[in-house]
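Note that these values count all heavy atoms, side chains included, but never hydrogens, waters or copies made by symmetry.
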Amino acid sequence: MSRMALLALLSTLLALSAVRAEDPYLFFTWNVTYGTIAPLGVAQQAILINGQFPGPNINSTTNNNIVLNVFNNLDEPFLFTWNGIQQRKNSWQDGMPGTNCPIPPGTNYTYHFQVKDQIGSFFYFPSLGMHRAAGGFGGLRINSRLLIPVPFDDPADDYTVLIGDWYTKSHKVLAGILDAGRSIGNPAGVLMNGLSGKDATGKDDPPLFTMEAGKTYRYRICNVGLKLSLNFRIQGHLMKLVEMDGSHTVQNDYESLDVHVGQCLSVLVTANQEPKDYYMVASTRFTKYMRTATGVVRYAGSKVPPSPELPAGPVGWAWSLNQWRSLRWNLTASAARPNPQGSYHYGSINITRTIKLASSVGLVNGKRRFGLNGVSHVDSPTPLKLAEYYGISDKVFKYDSIGDEPPASGASITVAPNVLNATYRDYIEIILENPERSIQCYHLDGYSFFAAGMGHGKWTPASRRTYNLLDAVSRHTIQVYPRSWSAIMLTFDNAGMWSLRSELWERHYLGQQLYISVVSPARSLRDEYNMPDNTLLCGDVVGLPKPPSYV
């Protein structure tokens, strides 16, 4: 073989090895324990990860493989879910009770998933019962690969801000209140990165972040609470919105931003003010009462305290709706997308199916329940995904227990596993209707969707004329304003069993959720991964022979 031929062969082999090389792995070991905290001055039991509240930040890059070994040292079963991580072909790792058996006390389980074709700001939290009210949550960021240009200069630093309402009652007490058919009432306060901003004497907590004059910083803000929308603002500083729920946005400046439960966004903040301390503020929205958390941002070297006059938040939900209308997807930005070409044309795809989901609340056997289209979901001892995979669905749940149209107003609520069948690769429009006087918020696992429209009153086919069919932000969580509707559109091209749920955890706990089954006609590894060998088994699938592998 000639030298030139040998070099050509070596070059080909190197190229093939590069193509076949796996994406990088990140390994984590988490010990989940109880601990005592007092963020609002009341000692209470919390869920800690490696002794931390909030939990550690996961800092990853597009297509990284995350291997996370969780040791459950609580006295009850436990699961994590990864809010906004699409788990492409891999609902096995979604961590919801409809997809996974809980990790028993005193044991461990290893999650293994890839942050495939995603960028942006997300968070994780415990998905069972009312665990979310006790902590166990943390930030999860996915950075763009170096080869993919980002539509802004690298910031001087990258900060995660976890905001959310907080109760001083334990998660077990809150669950007992809901099980008795009562409401958990109003939260005791708001936290920012696990703190209220003041110590027991009313003195400011130490600064959360430091900025150097003249430099620009990225703040990733996530609402990890249970119930309330929050408004976020930084004293004396404008915020340039650059990313939301994993999508780059058109870069508008805002004095304040509404962040609804389950949503995350990124802003750029330039340290262009007098070098001193400034307050970050998170305050409640759409409530008759006010709860506020603060956090101090310090200009490097400052010894000047922040002004005690906090910037006022907005009033009313019409302001919030108008802000939502200003949000646009940045179509000129390069980013990781599962379907980058087709995603630009979502407005011209023919809708295969329209599903209208209306929320409801009522009494079942004298106890309060929440429903979607008249069904209040209840988790089965056998995860729905496992029942489907093992071919025993008929023993565990019925498909399509609800229709594509809501029942008549005032219809009774049925308590049962709520599972919708979706045809693989169908393009579906989902209308979320809120007939109530309080704001609602919904999240869909496994996907991002186009938040195409919102409006007051009831949705009709004529409402489609108001849709944004060009540059609606692709995201995973959407609010529905009081007595209003929101419309989302997406292609169900990710096989699996996926949670569509209220992010308001009281409503979620009492049944305002469902699962969407997306089954590929071919049992093919092209469409879905095999069940992992370490999958925990429970309920009716224990002892059954393992189904044949996908091929």
task: Could you check Asp75 against Lys172 for salt bridge (charged side-chain N to carboxylate O under 4.0 Å, His left out), going step by step and ending with a plain yes or no?
output: CA-CA 12 Å; Asp75 60 0; Lys172 293 180 181 179; 3.0 Å; yes
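- Ion pair Arg523/Glu528 not flagged as a salt bridge, since none of the NZ, NE, NH1 or NH2 atoms sits closer than 4.0 Å to an Asp/Glu carboxylate oxygen.
- Within the 3.5 Å criterion, the main-chain N or O of Asp400 finds no donor-acceptor partner in the side chain of Asn421.
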Evaluation steps, side chain to side chain contact (heavy atoms under 4.5 Å, CB included), between Tyr442 and Ile488: CA-CA 11 Å; Tyr442 291 92; Ile488 64 176; over 6 Å; no
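- Both tests pass for Lys385 against the ring of Trp92: distance under 6.0 Å to the centre and angle within 45° of the axis.
- With Tyr467 contributing its side chain and Gly347 its backbone, the two residues share no donor-acceptor pair below 3.5 Å.
- You'll find the side chain of Val480 stays beyond 4.5 Å of the side chain of Cys441, heavy atoms only.
- Ionic pairing of Arg507 and Glu436 is present here: one or more N-O contacts between side-chain nitrogen and carboxylate oxygen are shorter than 4.0 angstrom.
- Relative orientation of the His377 and Tyr515 rings is tilted, given thresholds of 30° and 60° on the angle between their planes.
- Panel note: side chain Asn83, backbone Gly262; a donor-acceptor pair is recorded below 3.5 Å.
- Phe125 is not listed as a side-chain neighbour of Val224, based on a closest heavy-atom distance of 4.5 Å or more.
- Under the 3.5 Å distance criterion, with hydrogens and angles disregarded, a donor-acceptor pair is assigned to the side chains of Gln114 and Asp23.
- With sequence neighbours left out, the side chain to side chain donor-acceptor pair (under 3.5 Å) criterion links Thr160 to Arg141.
- Side-chain rings of Trp329 and Phe450 approach one another, their centers coming within less than 6.0 Å.
- No donor-acceptor contact under 3.5 angstrom links the side chains of Asp94 and Gln87, judged on distance only.
- His476 and Ser448 are not linked by any side-chain donor-acceptor pair at a separation below 3.5 angstrom, with hydrogens and angles left out of the test.
- Annotation: side chain of Ile402 is in contact with side chain of Asn418 (closest heavy-atom distance under 4.5 Å).
- Asn530 is listed as a side-chain neighbour of Tyr389, based on a closest heavy-atom distance under 4.5 Å.
- Residue-environment remark: NZ (Lys546) exceeds the threshold of 12 foreign heavy atoms within 6.0 Å.
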task: Verify side chain to side chain donor-acceptor pair (under 3.5 Å) between Ser266 and Ser121, making sure each step is shown before the conclusion.
output: CA-CA 7 Å; Ser266 288; Ser121 309; 2.9 Å; yes
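- A donor-acceptor distance shorter than 3.5 angstrom exists from the side chain of Asp165 to the backbone of Leu226, with no hydrogens or angles considered.
- The disulfide bond (SG atoms under 2.5 Å apart) test applied to Cys222 returns Cys264, not counting sequence neighbours.
- Side-chain N/O atoms of Ser229 and Gln479 include no donor and acceptor closer than 3.5 Å.
- Applying the 6.0 Å contact sphere to CG of Asn534 captures more than 12 heavy atoms from other residues, nucleotides or ligands.
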task: Please step through side chain to side chain contact (heavy atoms under 4.5 Å, CB included) for the pair Leu68 and Phe27, ending with a clear verdict.
output: CA-CA 6 Å; Leu68 205 155; Phe27 295 91; over 6 Å; no
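- Side-chain atoms of Tyr25 and Glu22 form a donor-acceptor pair, as typed in the model, at a separation below 3.5 Å.
- Panel note: side chain Asp245, backbone Gln263; no donor-acceptor pair is recorded below 3.5 Å.
- Counting only distance, with no hydrogens or angles, the side chain of Tyr167 and the backbone of Leu174 share no donor-acceptor pair below 3.5 Å.
- The number of heavy-atom neighbours closer than 6.0 Å to NZ of Lys169, taken from other residues, nucleotides and ligands shown, is 12 or below.
- Using modelled atom types and a 3.5 Å distance limit, the side chains of Asn143 and Asn59 yield a donor-acceptor pair.
- Without hydrogens or angle criteria, Asp426 side chain to Ile428 main chain gives no donor-acceptor distance under 3.5 Å.
- Using a 3.5 Å distance cut-off with no hydrogens or angles, the side chains of Glu503 and Thr477 do not pair a donor with an acceptor.
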Stepwise salt bridge (charged side-chain N to carboxylate O under 4.0 Å, His left out) check, Arg501 with Asp445: CA-CA 9 Å; Arg501 59 179 178 264; Asp445 280 356; 3.0 Å; yes
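- The shortest side-chain heavy-atom distance between Phe78 and His131 falls under the 4.5 Å cut-off.
- Using a 3.5 Å distance cut-off with no hydrogens or angles, the side chains of Thr354 and Arg464 do pair a donor with an acceptor.
- Formation of a donor-acceptor pair under 3.5 Å by the Arg220 side chain with backbone atoms of Val161 is not found in this model.
- Under the ring pair (Phe, Tyr, Trp, His ring centres under 6.0 Å) test applied with Trp30, the options Phe80, Tyr111, Tyr109, Phe71 reduce to a single match, Phe80.
- For the residue pair Asn108/Asn69, the side-chain donor-acceptor check at 3.5 Å is satisfied.
- Inspection of the Gln44 and His171 side chains reveals no N or O donor paired with an N or O acceptor under 3.5 Å.
- Checked against the 6.0 Å centroid threshold, Phe53 and Trp166 count as a close aromatic pair.
- A heavy-atom distance below 4.5 Å is found between the side chains of Leu469 and Met489.
- Results of the side chain to side chain contact (heavy atoms under 4.5 Å, CB included) test with Pro97 over Asp379, Leu384, Thr81 single out Asp379 as the only residue that passes.
- Counting heavy atoms from C-beta outward, Leu537 and Leu544 have side chains that stay 4.5 Å or more apart.
- Between the side chains of Gln513 and Ser499, no donor-acceptor pair of N or O atoms lies under 3.5 Å.
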- prompt: Can you check side chain to side chain contact (heavy atoms under 4.5 Å, CB included) on Ile516 and Leu444, steps first, answer last?
  reply: CA-CA 9 Å; Ile516 299 177; Leu444 177 61; 4.2 Å; yes
task: Begin with the C-alpha distance, continue with both residues' side-chain angles, and end with the deciding distance and a verdict on side chain to side chain contact (heavy atoms under 4.5 Å, CB included) for Asn373 and Glu433.
output: CA-CA 10 Å; Asn373 283 13; Glu433 290 193 336; over 6 Å; no
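- Test Asp527, Thr491, Asn494 against Tyr424 for side-chain hydrogen bond (donor to acceptor under 3.5 Å, both in side chains) and you get one pass: Asp527.
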- prompt: Can Asp404 and Arg353 be said to form a salt bridge (charged side-chain N to carboxylate O under 4.0 Å, His left out), step by step?
  reply: CA-CA 9 Å; Asp404 288 358; Arg353 178 183 179 189; 2.9 Å; yes
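- Side-chain contact between Arg88 and Asp493 is present, with at least one heavy-atom pair separated by less than 4.5 Å.
- Ring centroids of Phe492 and Tyr447 are separated by less than 6.0 Å, placing the two rings close together.
- Ring-centre distance between Phe122 and Trp82: not below the 6.0 Å cut-off.
- Each of Leu265, Val473, Thr249 was compared with Leu327 under the side chain to side chain contact (heavy atoms under 4.5 Å, CB included) criterion, and only Val473 meets it.
- Counting only distance, with no hydrogens or angles, the side chain of Ser91 and the backbone of Ala495 share no donor-acceptor pair below 3.5 Å.
- Judged purely by atom type and a 3.5 angstrom limit, Ser502 has no side-chain atom pairing as donor or acceptor with the backbone of Gln512.
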